[in-house]
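All values reported here derive from a predicted model rather than from experimental measurement. Residues: numbered from 1 along the sequence shown.
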Amino acid sequence: MKISDNKVVAVAYHLTVDGKTVDKSPEGQPLEYIHGTHMMIAGFEKGLEGHEPGDRFSIVVSPDEGYGEYNPAFRFDIPKSSFEVGGVLREDLLRIGTLVPMFNSEGQVVQGTVAAVGENTVTMDFNHQLAGKTLNFDVEVVSVRDATKKELDEGLHGEYLPLEEEECCGGKGNCGKGECEGKGECKKNK
C-alpha cells in the first residue's frame with residue numbers, strides 16, 4: 001500500500017541539520033501519523049507521498065516547506081520581571097539557549113528560547129529552533145495502512161478530541177470550544 005491521504009504511516013527517520021543529528025526515531029519505535037492531516041511539516045509529507053513499506057530514501061526539506069524562514073521580528077526583549085514566580089526571579093530559566101514556555105497575547109502557549117540576558121530585560125527568540133534551516137531526513141517506511149473512521153475523527157492518539165473545560169481554559173484563553181470568560185468557563189459551554 002502506498003502513502004497517500006488518510007493512511008496511517010509509520011516511518012523510522014534520522015534528521016540532520018548542517019551535518020549534525022537533530023532528531024531521530026528511537027530504535028524499534030517508528031513515528032506514526034495520519035498522512036494528509038497537516039500533523040507533519042509539508043515538505044516531510046510531500047517527500048513521503050507515494051512510497052510504500054520497505055522504501056529507504058532521503059528527503060531534503062527547504063525552510064519554506066519546513067519551519068519557515070527566520071524572522072527577526074519574532075525576537076524581542078521582555079522585562080526580567082516576567083520570569084518571576086511569587087516575587088522570586090527564576091534564575092534557572094535565564095540561561096542562553098533555555099527553551100521557556102510562555103503565554104502570548106491570546107493566552108496560547110508559545111515556546112521561546114533565551115537569546116540574551118540583560119540587567120533588566122531578557123531577549124527571547126520565538127522563531128522555531130529550525131527556522132531558516134534545510135532539513136535532511138533519512139527515512140524508512142515501516143508500514144502503511146488505512147486509517148479507521150475513529151482515527152480520522154479523533155486523531156491517531158486522540159489529538160482531535162476536545163479538552164475538558166477545566167483542562168483547556170483555566171481563564172487563560174481560547175479552549176477550542178469557545179472563548180473563556182476569565183473564570184475557566186467557555187461561553188459556548190454555558
Side-chain angles (χ1 to χ4, degrees), residues 5-6 8 15 17 22-23 31-46 61-133 135 147 149-190:
D5 286 354
N6 299 326
V8 174
L15 169 60
V17 174
V22 173
D23 193 17
L31 168 71
E32 288 187 305
Y33 73 100
I34 301 174
H35 194 79
T37 59
H38 308 290
M39 296 298 285
M40 300 290 130
I41 56 173
F44 186 72
E45 281 201 6
K46 187 175 171 183
V61 179
S62 64
D64 62 315
E65 290 192 301
Y67 293 99
E69 294 295 338
Y70 185 87
N71 186 342
F74 295 161
R75 181 181 167 119
F76 46 89
D77 292 339
I78 294 176
K80 219 178 208 181
S81 60
S82 298
F83 297 86
E84 291 180 0
V85 176
V88 177
L89 184 64
R90 291 281 312 270
E91 297 281 350
D92 60 313
L93 298 177
L94 302 182
R95 288 186 284 237
I96 293 173
T98 300
L99 196 61
V100 181
M102 303 186 90
F103 289 106
N104 67 14
S105 60
E106 286 86 42
Q108 300 164 322
V109 176
V110 293
Q111 299 290 331
T113 303
V114 176
V117 179
E119 189 174 326
N120 298 314
T121 62
V122 177
T123 303
M124 294 295 294
D125 189 339
F126 291 97
N127 283 284
H128 189 281
Q129 291 179 318
L130 296 176
K133 303 287 185 179
L135 312 175
K149 180 175 178 355
K150 181 177 180 178
E151 288 169 334
L152 292 172
D153 290 344
E154 297 179 6
L156 195 58
H157 307 287
E159 58 270 23
Y160 303 153
L161 292 173
L163 295 174
E164 293 297 320
E165 187 174 317
E166 61 274 2
E167 292 176 306
C168 63
C169 291
K172 303 247 191 280
N174 187 326
C175 69
K177 296 182 204 174
E179 290 295 320
C180 292
E181 294 190 4
K183 298 189 185 211
E185 296 182 37
C186 294
K187 292 177 189 173
K188 281 180 148 179
N189 294 342
K190 290 187 166 187

With rounding to the nearest 0.5 Å, note down the distance linking OG in Ser82 to CZ in Arg90. 13.5 Å

Correct closest heavy-atom pair for Val109 and Pro101 would be CG1-CB, 3.9 Å

Identify, with sequence neighbours excluded, every residue that meets ring pair (Phe, Tyr, Trp, His ring centres under 6.0 Å) alongside Tyr160. none

Going from CE on Met40 to OH on Tyr33, what distance comes out if it is rounded to the nearest 0.5 angstrom? 7.0 Å

About how many Å separate OG1 of Thr37 and CG of Asp5, when rounded to the nearest 0.5 Å? 8.5 Å

For Glu159, is there any backbone N or O sitting under 3.5 Å from a side-chain donor or acceptor partner on His157? no

So does Ala147 get a backbone contact from the side chain of Asn6, meaning a donor-acceptor N/O pair under 3.5 Å? no

With sequence neighbours excluded, residues passing ring pair (Phe, Tyr, Trp, His ring centres under 6.0 Å) with Phe44: Phe137

Please test Phe103 against Val110 for side-chain contact (heavy atoms from CB on, under 4.5 Å), starting from the C-alpha separation and ending with a verdict. CA-CA 6 Å; Phe103 289 106; Val110 293; over 6 Å; no

As an exercise, state the distance from CD of Gln111 to CZ of Phe126, rounded to the nearest 0.5 Å. 9.5 Å

Using 0.5 Å steps for rounding, measure from the CE atom of Met124 to the CZ atom of Phe74. 14.0 Å

Would you call Leu156 and Met39 a side-chain contact if the rule is heavy atoms closer than 4.5 Å? no

Glu45 (side chain) donor-acceptor with Gly36 (main chain) under 3.5 angstrom: yes

Mind checking side chain to side chain donor-acceptor pair (under 3.5 Å) for Asp77 and listing every partner two or more places apart, or none if nothing turns up? Thr123

Interatomic spacing from CG in Leu130 to CD1 in Ile41 - rounded to 0.5 Å: 8.5 Å

Applying the side chain to side chain contact (heavy atoms under 4.5 Å, CB included) criterion to Val117, which one of Leu94, Thr98, Leu93 satisfies it? Leu94

Contacts of Asp64 meeting salt bridge (charged side-chain N to carboxylate O under 4.0 Å, His left out) (sequence neighbours excluded), chain-then-number -> none

Among all residues two or more places apart in sequence or in another chain, which pass the salt bridge (charged side-chain N to carboxylate O under 4.0 Å, His left out) test with Lys46? Glu65

Taking every non-hydrogen atom, the tightest pair across Pro63 and Glu69: CB-OE2, 3.5 Å

Name all residues meeting the side chain to side chain contact (heavy atoms under 4.5 Å, CB included) criterion together with Lys149; count only those two or more places apart in sequence or in a different chain, and write none if there are none. Asp153

For residues Leu89 and Glu84, determine if any side-chain heavy atom of one lies less than 4.5 Å from a side-chain heavy atom of the other. yes

